[in-house]
Peer 1: 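Below you'll find the structure I mean.
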Amino acid sequence: MSRVVGATVDVLTHFATGLWTYADPRSEHLPMVKNPLPVAAIICGYLYFVLSLGPRLMKHRQPFNLDRVMLVYNAVQVIWCGYLIRECVRLAWGWKYSWTCQPLPTGMEVADYETAFGVWLYFILKIVDLLDTVFMVMRKNFRQISFLHVYHHSGMVFCIWLGAKVYPGGHHTLLGLINCIVHCFLYGYYFLSLVEPRVKRAWWKKYITLIQLVQFGMNVVHEALPFLIAGCEVDRRISGALVVQNVFMFVLFAEFYYKNYIRKAPEKTRKDT
């Protein structure tokens with residue numbers, strides 16, 4: 001038993017040391033990439049604020065009216081995601097990458113550095129996404145701060161930081177492209193709901209969640225391909241972890257969809273009769 005524990009500690013120590021010291025040469029010069037401490041501090045600060053400090057500070061305060069701030073925030077999100085979609089198509093998924101098996105390119109050309117920078121920009125966007133929960137706390141919308149919401153936002157920051165650090169390109173970046181497309185719809189909806197509040201009750205609102213479910217399904221299929229294609233040189237450890245993560249997210253979002261759009265539908269019908 002002691003040998004197993006010792007071997008496990010050695011593996012984890014080796015992994016942590018490698019994670020600390022290694023960064024892809026095309027992204028290691030970018031802020032917060034090489035050293036994990038700033039990212040760990042951001043995630044810990046986020047969790048502390050949204051789960052403890054924020055609710056305590058707001059307990060005896062009136063909710064903040066952040067409509068104008070959020071209008072700008074949602075517009076920035078759509079523009080930022082639109083720019084990243086353009087870069088993904090221009091640099092990789094429009095012509096260069098294989099849709100079924102795309103190992104990490106090892107080139108040091110300008111385009112390779114631009115791809116790494118695009119992945120880094122996506123990582124920074126995931127940090128900006130944390131403001132979603134901060135706004136919920138300041139508006140006292142505590143009901144929306146669910147396990148799904150907090151887990152998704154904090155987990156994305158770490159996962160995309162890891163991608164920017166060791167895998168800034170290749171097969172797994174398709175997930176970022178899909179996510180940016182979905183977020184254009186999502187934050188576009190948020191923007192419209194602030195301009196016209198009736199949009200919040202629109203019949204098509206539930207399809208935003210369905211689009212997110214389709215996203216996770218596509219991610220699972222895409223990351224399963226390296227296991228199904230003989231000779232595919234995509235890192236299967238990362239693909240396996242992403243398959244598990246996206247199945248988990250699919251289950252959580254499916255549960256959210258069921259509770260909010262299927263189970264509540266009969267209840268609403270009974271109230272209306």
Side-chain angles (χ1 to χ4, degrees), residues 32 38-82 122-158 160-161 179-180 182-212 249 252-272:
M32 292 191 291
V39 177
I42 289 171
I43 294 174
C44 290
Y46 164 76
L47 294 174
Y48 176 64
F49 178 81
V50 302
L51 298 178
S52 179
L53 179 62
R56 286 188 283 112
L57 292 176
M58 293 301 300
K59 185 175 182 179
H60 301 295
R61 296 173 183 264
Q62 291 297 316
F64 287 93
N65 186 339
L66 301 176
D67 286 357
R68 292 185 179 180
V69 173
M70 293 180 65
L71 201 65
V72 174
Y73 172 75
N74 293 328
V76 169
Q77 282 277 358
V78 172
I79 294 170
W80 198 326
C81 286
Y122 182 61
F123 157 62
I124 298 300
L125 179 60
K126 295 302 104 180
I127 295 177
V128 174
D129 285 355
L130 300 180
L131 289 174
D132 285 356
T133 327
V134 173
F135 293 152
M136 290 176 184
V137 172
M138 296 177 70
R139 299 170 73 198
K140 300 186 79 167
N141 290 337
F142 301 124
R143 182 181 60 85
Q144 294 180 296
I145 306 176
S146 62
F147 169 78
L148 168 60
H149 180 92
V150 175
Y151 170 80
H152 178 60
H153 278 68
S154 56
M156 284 292 285
V157 171
F158 175 75
I160 307 307
W161 168 78
N179 183 246
C180 284
V182 170
H183 275 204
C184 278
F185 286 104
L186 182 65
Y187 286 99
Y189 161 75
Y190 291 154
F191 182 88
L192 290 175
S193 66
L194 287 170
V195 174
E196 177 49 71
R198 286 182 297 179
V199 171
K200 295 179 181 179
R201 299 186 297 274
W203 61 270
W204 46 265
K205 177 183 175 181
K206 66 179 181 180
Y207 292 104
I208 300 293
T209 305
L210 282 176
I211 290 173
Q212 291 173 299
M249 293 306 301
L252 291 178
F253 271 78
E255 181 183 18
F256 171 84
Y257 183 85
Y258 173 77
K259 287 181 178 178
N260 287 273
Y261 299 113
I262 296 179
R263 190 173 68 184
K264 281 188 177 181
E267 295 176 1
K268 184 178 185 301
T269 302
R270 287 196 298 270
K271 290 180 181 178
D272 293 340

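We count residues from 1, following the sequence as given. Just so you know, these numbers come straight off a predicted model, no measurement behind them.
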Peer 1: Would you list the pairs meeting side chain to side chain donor-acceptor pair (under 3.5 Å) in which at least one residue belongs to residues 58-70, sequence neighbours left out?
Peer 2: none
Peer 1: To the nearest 0.5 Å, how far apart are OH in Tyr190 and CG in Asn74?
Peer 2: 8.5 Å
Peer 1: Could you tell me the separation between the CG atom of Asp129 and the CD1 atom of Ile160, rounded to the nearest 0.5 Å?
Peer 2: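 Going from CG on Asp129 over to CD1 on Ile160, the span is 10.0 Å.
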Peer 1: Would a 4.5 Å heavy-atom cut-off, applied to side chains only, mark Tyr261 and Lys205 as touching?
Peer 2: yes
Peer 1: List for me each residue that meets ring-ring contact (aromatic ring centres under 6.0 Å, His included) alongside Tyr46, sequence neighbours excluded, and say none if there are none.
Peer 2: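 ring-ring contact (aromatic ring centres under 6.0 Å, His included) list for Tyr46, sorted by chain: empty.
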Peer 1: Heavy-atom distance under 4.5 Å between the side chains of Leu125 and Gln77, does that happen here?
Peer 2: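 In short, these two side chains touch, coming nearer than 4.5 Å.
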Peer 1: With a 3.5 Å distance limit and no angle check, can you tell me whether Trp161 reaches the backbone of Ala40 through a side-chain donor-acceptor pair?
Peer 2: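 Side chain of Trp161 to backbone of Ala40: no pair is present.
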Peer 1: Side chains of Phe158 and Ile43: closer than 4.5 Å at any heavy-atom pair?
Peer 2: yes
Peer 1: Where is the tightest heavy-atom contact between Val137 and Val50, given as atom of each residue plus distance?
Peer 2: CG2-CA, 4.0 Å
Peer 1: Hey, could you give me the OH/CG distance between Tyr151 and Leu252, rounded to the nearest 0.5 Å?
Peer 2: 7.5 Å
Peer 1: Output the distance between atom CD (Glu255) and atom CG (Asn260), rounded to the nearest 0.5 Å.
Peer 2: 10.0 Å
Peer 1: Of all the heavy-atom pairs spanning Pro55 and Phe49, show the shortest one and how long it is.
Peer 2: CD-O, 3.3 Å
Peer 1: Side-chain contact test, heavy atoms from C-beta onward, threshold under 4.5 Å: evaluate it for Phe64 versus Met58 and give yes or no.
Peer 2: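 Yes, at least one pair of side-chain atoms sits under 4.5 Å.
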Peer 1: For the CG atom of Leu148 and the CZ atom of Phe253, what is their distance to the nearest 0.5 Å?
Peer 2: 4.5 Å
Peer 1: Does any non-hydrogen side-chain atom of His152 lie less than 4.5 Å from one of Asp132?
Peer 2: no
Peer 1: Pick one: which of His149, His153, Gln144 meets side-chain hydrogen bond (donor to acceptor under 3.5 Å, both in side chains) with Thr133?
Peer 2: His149
Peer 1: For Tyr73, look at atom OH and say whether over 12 heavy atoms of other residues, nucleotides or ligands are found less than 6.0 Å away.
Peer 2: yes
Peer 1: The criterion is salt bridge (Lys or Arg N to Asp or Glu O under 4.0 Å); which residues satisfy it with Arg198, sequence neighbours excluded?
Peer 2: Glu196
Peer 1: For residues Leu194 and Met70, determine if any side-chain heavy atom of one lies less than 4.5 Å from a side-chain heavy atom of the other.
Peer 2: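 Counting from C-beta outward, Leu194 and Met70 do come under 4.5 Å.
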Peer 1: Do Leu130 and Ile42 come within less than 4.5 Å of each other through their side chains, counting heavy atoms only?
Peer 2: yes
Peer 1: Return the minimal non-hydrogen interatomic distance between Gly82 and Cys184, and the atom names on each side.
Peer 2: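 Shortest heavy-atom separation between Gly82 and Cys184 comes out as N-SG, 3.9 Å.
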Peer 1: Run the numbers on Trp80 and Ile124 for side chain to side chain contact (heavy atoms under 4.5 Å, CB included), then give the verdict.
Peer 2: CA-CA 11 Å; Trp80 198 326; Ile124 298 300; 3.8 Å; yes
Peer 1: Indicate the atoms forming the closest heavy-atom contact of Met32 with Val39, along with that distance.
Peer 2: O-CG2, 4.0 Å
Peer 1: If you measure from OG on Ser154 to CD1 on Ile127, what distance do you get to the nearest 0.5 Å?
Peer 2: 12.5 Å
Peer 1: Is any side-chain heavy atom of Gln212 less than 4.5 Å from a side-chain heavy atom of Phe185?
Peer 2: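 No; the side chains remain at least 4.5 Å from each other.
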